[in-house]
Structure formats: C-alpha cells, structure tokens
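What follows is a set of notes on a single structure, which appears directly below.
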Amino acid sequence: MEYNFREIEAKWQHYWREHKSYKTVLDTSLPKFYVLDMFPYPSGSGLHVGHPLGYIGSDIFSRYKRLKGFNVLHPMGYDAFGLPAEQYAIQTGQHPAITTEQNINRYREQLDKIGFSFDWDREVRTSDPQYYKWTQWIFIQLFNSWYNKKTNKAENISTLINCFEINGFKGTSDDILTGDLEIYHDGFTAQEWKDFSSSTKENVLQQFRLAYMGDTMVNWCPQLGTVLANEEVKDGVSERGGYPVERKRMSQWCLRITAFADRLLNDLEGIEWSESIKEAQRNWIGRSEGSSLKFKVQGSNAEIEVFTTRPDTIFGVTFLTLAPEHELVNELTTDEYRNAVNEYVTYARNRSERERMSEVKRITGQFTGAYAINPLNGEKIPVWVGDYVLAGYGTGAVMAVPAGDQRDWDFAKHFNLPIIPINKDVDISEAADATKDALMINSGFLNGITGREAIKAAIKEIEKLGVGKGKTNYRLRDAIFGRQRYWGEPIPVYYNDGVPCVMKEEALPLVLPEVDKFLPTETGEPPLARAKDWNYETTTMPGWAGSSWYYLRYMDANNKSAFVGKEAADYWQDVDLYLGGAEHATGHLLYVRFWTKFLFDLGYIPKQEPAKKLINQGMIQGVSAFAYRLLPLKVVITSARPVFISKEIVADYVSQKITTQQLLEKVNSKIPGYCNLEDILKDNAIAISQIHVDVNLVDNNILDIKGFQKWREEFVDAVIITEDDGKYICGSEVEKMSKSKHNVVSPDKIVEDYGADCLRLYEMFLGPLEQSKPWNTNGISGVSNFIRKLWRLYHNKQNEFEVSGEVATAAELKTLHKTIKKVEEDIERFSFNTSVSTFMICVNELTDLKCNKRAILEPLAVILSPYAPHVAEELWNLLGNKESVTKTQFPKWNQQYLVEDSFEYPVSFNGKVRFKLTMPLQLNKEEIEKQVISSPEMSKFLNGDQIKKIIIVPGRIVNIVI
RNA sequence: GCGGAUGUGUCGUAAUUGGUAGCCGAGCCAGACUUAGGAUCUGGUGCCGCGAGGCGUGGGGGUUCGAGUCCCUUCAUCCGCACCA
C-alpha cells in the first residue's frame, strides 16, 4: 500500500476537531472576511455529489484567505423548517423535529468526511427555538414599523402615530402614505384620530405596518392545505409535489416588501452579483413608469382608474377593458347585458389559473353596456370585460389602444371594435405597433411630436386636468407571510377582540406547541389550532423567514440578548462572498435583501446589502441509467417473468434494423416459449418501457446483472436479454439528480473509494464552478493519480517519507513559483478548475526533475492545502512542522525565478506564422526587428514583397505586414 | 414575446490586453516492464492529405497586419419572467 488516504484523512479530521482549528473569534486587529454558503435544507436523502460543489469552492476560498492573513468567518447551519419533514410527519406520525434531527446528523456526518473548515461553534438551525426566537423578534419589529416615504426608510410606528396625533391624515394624497388606503380614502383630522376606538386605530395602522393582515388573492393549494408564495408555484402547480393551485381571496399575514421595491431595484447596481440574478430580480420587481388615468362613466358616479405606461396613446383609446374580478363590473353593467356579463364572469372565474395560462391566445370578453368618457377628448368609448386583463396588476383595468398594443389589437379585431391609427406612416393593418419614435397623428395637442416626447407632454396635461398623475407601478406583490402548516416558526401574535397584537419581546420564543396530528383540523383550520390552550395566531411563518437573516446570526451565534451584537455586526459587516444556487434568485435572495434593508433602517446593522459578491455554483445533474422492459400487450403470456432487453437490441428494434420477428426469435432463443409468437406478430403488439436503474448498478453503461436482479424483489427471476457478448447495455440520459430517478451519486462512496482530497480536487476539476454539468466519475482517475504521484515524489519504495535538504535548482524554483503565481491568480478569480491543472503540471515537472526537495515541497504543501487539506497537512507535518498548515502564510511568488532568458518568437507574415526565431527576451523592439530582418529565413518567406510595417510584442509575437 | 447565459477535438475542458487555438485530464492507439492489475512508465492522438501543405473555435458577414476573444447578423441548447397594460 502506498498513499493511505483513509488513515490520513481520519487523522487530520480528528486533529482539526480536537484543536478547534477553524474556530473564529472576533479580532479587530485582523481584517475580516466572511465567506458564506447557502445553508442546506436537511432532506431525508442526504447529500449528493452536487451539494458539496459550492461548499468546496467556498472552503478553498476560506482557507486561502486565512493563509493570506484574514480573519475568516466561514460558518454552516441548517434551514431546518420545511415541507418535506412535515409531509413525512403527516404520513408516519413521526414528529418533524425528530426527522429533522436525524437528517441533520446524517448531513453533518457527510460534511465532516469532506474536510470542510467550518466553525461549527456557530452552527444555526432555523427550527431551534433559540434561533427562531429572533426570527419572531424581527417579525415584531416589522409589525411595529412603517415605511416613511419622506425619509425613505422604515421607522417605528410611533412616529406615524405622532404624526396622526398632530396633523391627522390627509388621505391618499398625503405623501407619507405607502399602503393602499381604500378605507381611509378621505383621511381624518388629528381630533378624529384621537376619537377613534382602539380597534379603528389598529385598522388604520394595519394599512401602514410592515407586517400586517391583508386581504389578498393567494395561491391556495388544496392538496397541501396551504397558501404558497408566487415563487413556490410553477406553471400553475405547486413546486413541491406538483399539485394544482388555485387563486383564492384570504386574510393573511403579509410583509410590505413593496415599500422597499425601489431600493431593492436600485441597490442592485452596487453589488457584484451575476447579471442573470440581478436581471431576474429586476424582472420580478417589475418597475414600470407611466401614469394613472381616471375615466368617468356615462350616467354614473363611478370612475374607472387605469394604469398605462403609454399616456401618449390616449387619443388612440377605443375601449376600456376591466378584469372579470374588477369591483366595478357589477355596478357598471346595464340590465340589457347583465346576464351575459354574469355568465362571462362566472366562466372566467371557473377557468383555472392553469387553463388561463395555457390558453393565452384564446380571446374572450364581454361588453358591459356601459360607456366611459375619454378625459382628454371627451369621446364616448365602450367598457368591456376581458380576462386578458389581470385583477392583480395595476388597477385591474386598462385603456385599450389597439393601434399600439398587440393584446388590445387582437381583442379589437376579435370583437370588431374600432382601431384609430395614432402614428404617422405606421402600418397597423396586420398588427399593432408599439413604436415611440413615430410622429403622432389623430392625437389633438400631441400631433406632430414623437411618442417619446408625447409621454411627458401627456402626463403634464393629465396632471393639469386633474384626471390622473404620473405613477410608478410594480409587479412585485407584498409577501404573504402566513402558512397553514405546522412545521414553521409560530407567528408571535394574539388577538384581542379580533384585533391583532404582537407579543412582548421578553416573552419570546413562542415555542411551537405539540399537536396530536400534523393535519388541518376538521373545520379546515391550520394544524396549530389543534394545540391545547393555544391562544395565538395559528398560521406559521414561511420557509424563507429563517433564511432571511441567518447570515447575521452566524456573526454572533450564541448571543442571548440580541439577534446580533453591535460589536459583532460592526466587525463582520456583511458577507464578502456568498455561494449558492441560482434557483433562489427571486425568493431567498430578494427576501434577505429586504430584511437586511429593514434592519439597517432601524439601526441594528451597518450594511443595507447582505452580500457584496455572489457566486452561483452550477447544478450537478445526474446521469440516469435505463433498462428496457418488454411489455407484451394483448398477448398470451406463458411466462409472468419480467423481461429486459439490452439497449442496443432495443435501438435496433426501434430503428427497425431488426424486425419484430427477429426480436422475438432473439427472445425465444433465451427463453423458449416465452410468449405466443404468432399472436404477437398478428397484433404487432409489443411495447418497450424504460425504467430507471440505480446508477450504482451500472458501470460505463454496462449493467451489473446479478445486482440488478437482487435490486427489486420482482426482478429476482427476470429474464435479461443481453448482447451477444453477454453484456447488458443501459441507456442513459442527463436529468436532475434525485432519489426517484435512482441517479444519485453520494459523495460518501467517492470518499470511500478515492478519499476526500480526491473528491474535492475532482469536483473542482470538473469545470468552472458556475457551470452546470452532469456528474461523471470517469475522469476521477486522473486526479487520483495526481495525488499519488505527489505522494510518491516524497516517498521511497518502502513508503517512507524521504525529502532532500539540497538547495533547489533554477528549474525547480521556476516550477514552484509559476505554480504559486498561477494558483493565487486562479483562486482570486474563482477559477478553481484551472488550478487543479496547474498542480498537475507542477507535479509532472517535479517528477521529471526527480525533485524531492524540502525547499519545494514546503511551499507546495501550503498552496495545495486549500484544495487538498488532508494530504497537505500530512506532508507539512512529515516535514517536521508542529503547527497546522492552516496557521501558516500563503507563500509569495517571486518574479525573479520566472524570468525566461530567451523566447522562441513566432514570426508571422500578415498573421500567418512562417518560422520561429529564438532570441534573448531582454531585447527591445528595435533589436528584435534587426535580428528578424537579418535572419536567413526572412528573404525566403518575404518572397520579394515590400515590408509595410513590423509589429512586435516583446515576449509574444513578431508580425510582418507585407 | 421579453430578458439572461452557453456553443472550441471522441468527452470534461484551457487560452492575460485581440498575438503560435486545443494546456491539463479522460478515452483511444502503439510500445516497455511484467505476466491477466481497474498497476506503473514512454510515445502518439483536431480534421483532410503519402507529402509539401490546406482547413479548422455553431453558421454567415465585418473591423484588424492578426479574431475563440471586438462589432453586426443568424441558428441551436439551457435558464428566468410572461396576457404586467
């Protein structure tokens, strides 16, 4: 045996744990560096090889920064509340806390085997009452705060109450307003405020609080029995479980994230996050600027308010469309159209969200009989109802400009409504044209200017007439914060005569109560309603609550008196490097920014962005393996045994290179009399189904037949039809790694077979960190060889450590310093895959030089230690160092060893390399030119042409332009 | 439809500011040592061509002495948002 990774890795993992090598303490004498991984949800299936990818990257960077003299905070914890544990609890009755605990222990065991440098003394678990105590505390702060538009920050609600007591409230025009005040539309005086009952006061304040009870349309999932956030719904079904989701109006706890929309959008500028994440967030916030506009309704007091981004097109309006759910639909509809409208509204409501999405192109609508008046030209225009207008965006009503908007155009064509051209020389006979650059026509005072200019002019006029005003609209909705679930943080609220009150901070945590079952009650109330003497809110917080501030807790994880102490917050500030998957773009990564801004506004933390730099590691996909099962249909089966056919044979069959008869003959030769050949041929009734095979039973697409037969009881005596050489070839496909697809590769197995260092190096070697790629173990031998080669360099045949004290030669030093330089540059730009190659080149060169010198090995062990800490630590130790390699400094590379004395210049003519010339590197441009021109090859390739120009890049290239 | 990203050998990939395309690894081929190991070592391996040479970074065009890299255009794949007014 040579390099024994099992022994070495166990030894050093034990050492690090015993010596708390990675414990971090606040030390103001050192510069800080905070490296954070998105903490995992501890699922029942354990880690797969995809999970550690980001952790390895962040670990390399953390270890590197430590060697560079930084005080590095590199913590880990668990996002422990979540649906799967609860679903499991519902099925088995097992308390989710127990399942979660077990899963966490398994995760920890797996993580420990990979040799991460986490400071486990700072571990957090969101489901721990000592943690969620502070999540609840933050909720209370949100409840006790409002957003002051004047100061543009969150403030304690008392400043608002003060304001009411002194000035009263002027209603919607008051610029301290951020909530949508429908109830207190006309405002109130200071005296009226004082006279309000406490419940009326609270009703008013609810319109301002950052945590409030809102009556909103929610995504209701009947199967899961809970509401879901927008990002938990994909294509009309729940992200988890894939159950249908419907829209439902419910009273819910909400967080007023919309108050922060502008800052969430603008502050994206200042952070180093990938463009795709930023863009996803911009998209999600969906800021659009335009104007509100009120249309009077003929013969009614009602006004229809619309939002438009194109007020310039106001003269092209030929009808209004209301969403079917719009509150004025009923009031406006004339008796003549009442039945038709009711019918249409019912139809639209019953169309599920899913249908509505999949039938986007289907145009439906109904005239209400009502007419509105265009406030700018007094034209009478019909009011329609149509489900292409969404109730949830803007005002739920649009002014339809068929000339400029395709949806309006389609609607107008379908119902034969008029289309007024508003742009000069623009053809709208086949489609609408939304250009802003054409000159306006048929547009009153806007005629003759471009749409771009007209937008400003129109808003000015609209505001002058008092029929609307310039307005910014957001797609972003307030975040629904209540979940009808058990396994989440209880919301620290109780009710006094139906008026919500938050608990006193001293009374926290409000601990999750025991319940007899984890299901909703018979009356449809959330599981918490089952708890005895539970006088609190029965919904719990959503999964993202605990993860919206965990990075702050790590700074001061054991603080009993604050969510984070001032000293710790001031020192650690924010995350310098955040690593995690891109799938949280519009969920976690938006909420964590929201909470950070809020806590910043209240003065608890010094930064208003959580993370300076974000790297999204790519997803590692699984390579699924398939076996092909022969399914005889409508056929007399004489054998009930399952039959599997090797892929190549199937492929032949499918591509009809062999006939059904040949296939069956093949089957029959293996199991005579398997089925009635004639009947099969008569009906041509044969089908092949694909089944996922556990990838651990497959090597290079070749199936372990015995293992496969043992895998499932029903396969024990399955008939396997192989290729002629007796091999069964599986099919393969790249899919998401998941238990149900049996394509999960566990890091444990890799560690077991090759060692943790090898796993770390290989995961990095696989390609750029940010790129998604399928897992493929085939190439791992190269990395494994590298470690063994390094080991062998410093061990003799008897596996005894043998190192020479001789002075290193120039060539050896060159190799070393080249490597240090490259590795340092690679780490700084997160190009970990290229440094693995660099190490390989280094060891190859040292092997060629037969170099086993201490002077080379010592620094090499240090620069290798972020990547392969165990083997580096062992070598470092063998060299006689008492302290751990992690306590040392990253070596400095020295230019002097890298200087070449000569360089082989490629000499090219018009960019085509014709010959090469070796010259001293120290030559300046003139000298190089002289040498090139006087070289014997020159005339041969110049071929009588005139030299126009010579371009020389010293140390690079010589190009002659002819 | 809008937005983001990616296209390089058989495969994973590499290539400072535009400067010898294909580093490193896998696979494959040949050889050595050995005799059957999933070991180690050496050499070869983009395509066409006997060769000189030519062609090559998804396709087409452009800028340049010179383009994987910059610009325009187009195609393909992946991801996000989507009847957002």
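We name chains A, B, ... by the order of the sequence lines, and we start the count at 1 in each one. These numbers come from the heavy atoms of this one structure, side chains and all, not from hydrogens, waters or symmetry mates.
Base orientation of B/G18: anti (glycosidic angle beyond 90° from 0). Annotated as syn: B/G37, whose O4'-C1'-N torsion sits within 90° of 0.
Between A/E289 and A/T309, every side-chain heavy-atom pair lies at or beyond the 4.5 Å cut-off.
A distance of about 29 Å separates the C1' atoms of B/C83 and B/U74, rounded to the whole Å. Rounded to whole Å, the separation between the P atoms of B/A39 and B/A14 comes to 27 Å. For the P atom pair drawn from B/G58 and B/U10, the interatomic distance equals 14 Å after rounding to whole Å. Taking the P atoms as reference points, B/G25 lies 35 Å from B/U77, given to the whole Å. For the C1' atom pair drawn from B/G46 and B/G27, the interatomic distance equals 15 Å after rounding to whole Å. Look at the P atom in both B/U8 and B/U73: the space between them is 22 Å, to the nearest Å. Between the C1' atoms of B/G9 and B/G56, the separation comes to 10 Å (whole Å). Taking the C1' atom of each, B/G19 and B/U64 are spaced 12 Å apart, rounded to whole Å.
The distance between atom NZ of A/K789 and atom P of B/C41, rounded to the nearest whole Å, is 6 Å. At whole-Å resolution of the value, CE in A/M619 and C1' in B/C78 are 11 Å apart. The CG atom of A/N910 sits 9 Å away from the C1' atom of B/G66 (whole-angstrom rounding). Per the geometry, CG belonging to A/D405 stands 9 Å off P belonging to B/A85, to the nearest Å. Computed from coordinates, the A/L589 CG to B/C79 P distance equals 19 Å when rounded to whole Å. Nucleotide B/G80 holds its P atom 10 Å from the CD atom of A/E583, rounded to whole Å. Rounded to a whole Å, the CH2 atom of A/W273 is 19 Å from the P atom of B/G4. Here the P atom of nucleotide B/G66 and the OH atom of A/Y905 are 22 Å apart, to the nearest Å.
Here A/N844 lies in heavy-atom contact (under 4.0 Å) with sugar-phosphate atoms only. A/P774 comes within contact range of no nucleotide atom at all, as no heavy-atom separation falls under 4.0 Å. Using a 4.0 Å heavy-atom distance criterion, A/I841 is classed as a sugar-phosphate-only contact. Among the heavy atoms of the strands, none lies under 4.0 Å from A/N473. Base contact: A/K916 has a heavy atom under 4.0 Å from a base atom.
Checking B/C55, B/C41, B/A14 against the side-chain heavy atoms of A/K912 singles out B/C55 as nearest. Here B/A14 is the nucleotide among B/C55, B/A85, B/A14 with the atom lying nearest to any side-chain atom of A/T834. Comparing B/G4, B/U20, B/U42 by their nearest atom to the side chain of A/D848 picks out B/U42. Candidate nucleotides B/A14, B/G19, B/G25 were compared by shortest atom distance to the side chain of A/M840, and B/G25 ranks first. Picking from B/C83, B/G80, B/U16 the nucleotide with the shortest atom distance to the side chain of A/Y388 gives B/C83. When distances run from any side-chain atom of A/Y393 to the nucleotides B/G19, B/A26, B/A85, the shortest one goes to B/A85. Residue A/I957 places its side chain closer to B/G19 than to any other of B/G54, B/G19, B/A85. Distance from the side chain of A/R956 is smallest for B/U16 among the nucleotides B/U16, B/C55, B/G80. Checking B/A5, B/G19, B/C83 against every side-chain atom of A/E275, the shortest atom distance belongs to B/A5.
Applying the 4.0 Å criterion to OP1 and OP2 of B/C2, one finds that A/N283 has every side-chain N and O outside that range. For B/A82, one of the phosphate oxygens OP1 or OP2 lies less than 4.0 angstrom from a side-chain nitrogen or oxygen of A/R475. Look at A/N785 and you won't find any side-chain N or O under 4.0 angstrom from OP1 or OP2 of B/A39. Using a 4.0 Å cut-off, some side-chain N or O of A/R788 falls inside it from OP1 or OP2 of B/U40. Applying the 4.0 Å criterion to OP1 and OP2 of B/A85, one finds that A/S288 has a side-chain N or O inside that range.
Comparing A/V398 and A/I277 along RNA chain B, the residue whose closest nucleotide (by nearest heavy atom) sits nearer the 5' end is A/I277. If A/Q771 and A/S781 are placed on RNA chain B by their nearest nucleotide, the residue sitting closer to the 5' end is A/Q771.
Salt-bridge check for A/R282 with A/E279: passed, with a basic side-chain N closer than 4.0 Å to an acidic carboxylate O. The pair A/K821-A/E825 counts as a salt bridge, with a side-chain nitrogen and a carboxylate oxygen less than 4.0 angstrom apart.
Cation-pi geometry between A/K278 and A/W273 is not met: the NZ or CZ atom fails to fall both under 6.0 Å from the ring centre and inside 45° of the normal.
A side-chain donor-acceptor contact under 3.5 Å links A/D826 to the backbone of A/S835. Side chain of A/Q406 to main chain of A/A432: a donor-acceptor pair is present (N/O by atom type, distance under 3.5 Å, no hydrogens or angles).
Remark: B/C81 base-pairs with B/G1. Criterion, Watson-Crick or G-U wobble with two distances under 3.5 Å. Pairing for B/U8 is absent, with no Watson-Crick or G-U wobble pair whose two atom distances lie under 3.5 Å. Using the Watson-Crick or G-U wobble rule with both distances under 3.5 Å, B/G53 pairs with B/C48. Across the strands present, B/C41 finds its partner in B/G31; the criterion is a Watson-Crick or G-U wobble pair with both atom distances under 3.5 angstrom. Under the Watson-Crick and G-U wobble criteria, each requiring two contacts below 3.5 Å, nucleotide B/G68 is left unpaired. Pairing of B/U16, defined by two Watson-Crick or G-U wobble distances under 3.5 Å, is not identified with any nucleotide. The nucleotide B/A21 finds no pairing partner, because no Watson-Crick or G-U wobble arrangement with both distances shorter than 3.5 Å includes it.
Residue side chain A/R829 does not reach the base of B/U16 through any donor-acceptor N/O pair under 3.5 Å, judged by distance alone.
Taking A/F786 as the reference, nothing meets the ring-ring contact (aromatic ring centres under 6.0 Å, His included) condition, with sequence neighbours excluded. Annotation: ring-ring contact (aromatic ring centres under 6.0 Å, His included) contacts of A/F903 (sequence neighbours excluded): A/Y905.
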Can you check side-chain hydrogen bond (donor to acceptor under 3.5 Å, both in side chains) on A/T258 and A/Y474, steps first, answer last? CA-CA 8 Å; A/T258 48; A/Y474 298 93; over 6 Å; no
